[in-house]
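Okay, structure first, notes after.
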Protein chains: 2
Amino acid sequence: MARKKSAPKRRSGCPLNASVEMLGDRWSLLIIRDMMLRGFRSYKEFLECYEGIATNILADRLSKLQAYGIVAAERDPGDARKITYSLTAKGIDLAPVLTEMVLWAAAHEDTGNQALVRQMRADKRKFLAGVRRRWAAG
Amino acid sequence: MARKKSAPKRRSGCPLNASVEMLGDRWSLLIIRDMMLRGFRSYKEFLECYEGIATNILADRLSKLQAYGIVAAERDPGDARKITYSLTAKGIDLAPVLTEMVLWAAAHEDTGNQALVRQMRADKRKFLAGVRRRWAAG
DNA sequence: TCCAGTACTTGCAAAATGCAAGTGATATGT
DNA sequence: ACATATCACTTGCATTTTGCAAGTACTGGA
């Protein structure tokens, strides 16, 4: 699996810049969403994302997210064709980011998934604890 | 100034998708950061961002952020050359998003601006209230 | 009038995205 | 053993976006 440990060359030392260098594209956070909230674990599942991602973009982003340490990948022990992807601790720590982005858009745009939004709004801390619990349960 | 009021065509109704369609690029959040945290208001100031943005990209993003209702622009009454940009209410509501992204990167990457990070960590709510107060003061 | 400042625009090369077909390895069925 | 299906990509190509650096039009100051 893709694994890169050298310090990346960044445009600046600002933390926000580090975030957007890793996540500032159309697709990365959507993949993380599906992993975090819909329990997706396979390439095939990610291809079914609501927004319709291209195969080469999906492969590219999964590779990058692994390189950033946000996503881990392992071969399925029972079927060597299958790869199972999961969020790392670093990845699950993006839950507050993702939550705030959902809440921001829901407040200012005409969006769907109102059940999720209501859950988040009702008790953000409880929602985030649930996300973390499900992640920890494997 | 650029002003577009039609409902955009989105890849899905998911709130996160709406967010990344507006903000999922390398530069938009960095511009918002400089507006929100450094008090930048002019094109020339934004050009001085830490990361070195290209003139055409800056112009393009400012135009888009206006179209999305995140940024407002007005001509300076004393100098018709100057345009003053500011965050709208919708724009300032991105403060929690930006804050969580800063905290995430600071926790997982080797980043600078530790004073800001300490402030955010010490009392997130207080930090956000400060951002909002400064915004409201014009 | 000439020069400086402001906010872009433009031309071009490189990089990224998106569509759809193709590929190689593994698993299943006959 | 061979044929077919599945899985995770890869590839070819056209379009779009990014980034660099020079250029432009308008306004303000000397």
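Quick caveat, the model's predicted, so the values are computed rather than measured.
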* Under-3.5 Å donor-acceptor pair between Arg81(B) side chain and dG28(D) base -> no
* Of Arg11(A) and Lys82(A), the one whose closest DNA chain D nucleotide lies more 5' -> Lys82(A)
* To do: Counting heavy atoms from C-beta on, name the nucleotide in dT18(D), dA7(C), dA8(D) closest to the side chain of Arg61(B).
  => dT18(D)
* To do: Assess whether atom CG of Asp76(A) is packed by more than 12 heavy atoms of other residues, nucleotides or ligands within 6.0 Å.
  => yes
* Asked: What's the CG-P distance between Leu47(A) and dC9(D), to the nearest Å?
  -> 10 Å
* **Nearest-nucleotide comparison on DNA chain C, the residue closer to the 5′ end among Thr84(B) and Asp60(A)** => Thr84(B)
* Would you kindly give the CD1-to-P distance between Ile53(B) and dA7(C), to the nearest whole Å? => 14 Å
* Structure fact -> Comparing Tyr43(B) with Ala54(A), nearest DNA chain C nucleotide closer to 5' gives the residue Tyr43(B)
* Asked: Any chance NZ of Lys90(A) has more than 12 other-residue heavy atoms, nucleotides or ligands included, within less than 6.0 Å?
  -> yes
* To do: Find out whether the Lys NZ or Arg CZ of Arg33(A) is both under 6.0 angstrom from the six-membered ring centre of Tyr50(A) and within 45° of the ring's axis.
  => no
* Asked: Does a salt bridge link Arg10(A) with Glu51(B), judged by any charged N lying under 4.0 Å from a carboxylate O?
  -> no
* Mind calculating the distance between CZ (Arg75(B)) and P (dG5(C)) to the nearest angstrom? => 18 Å
* To do: Would you indicate which nucleotide in dG5(C), dG18(C), dT18(D) comes nearest to any side-chain atom of Asn56(A)?
  => dG18(C)
* Among dT10(D), dA8(D), dG18(C), find the nucleotide with the atom closest to the side chain of Ala59(A). => dT10(D)
* **Check: dA7(C) base within 3.5 Å donor-acceptor of Thr55(B) side chain** => no
* Asked: Once you round it to whole Å, what is the distance between P of dC8(C) and CD of Gln66(B)?
  -> 8 Å
* With a non-hydrogen cut-off below 4.0 angstrom, is Asp79(B) in contact with a base, only sugar-phosphate, or nothing? -> sugar-phosphate
* Asked: What integer distance in Å separates Leu58(B):CG from dC8(C):C1'?
  -> 9 Å
* Heavy-atom side-chain proximity of Ser28(B) to Tyr68(B) below 4.5 angstrom -> no
* To do: Would you tell me if any nitrogen or oxygen in the side chain of Trp27(A) comes within less than 4.0 Å of OP1 or OP2 on dA16(C)?
  => no
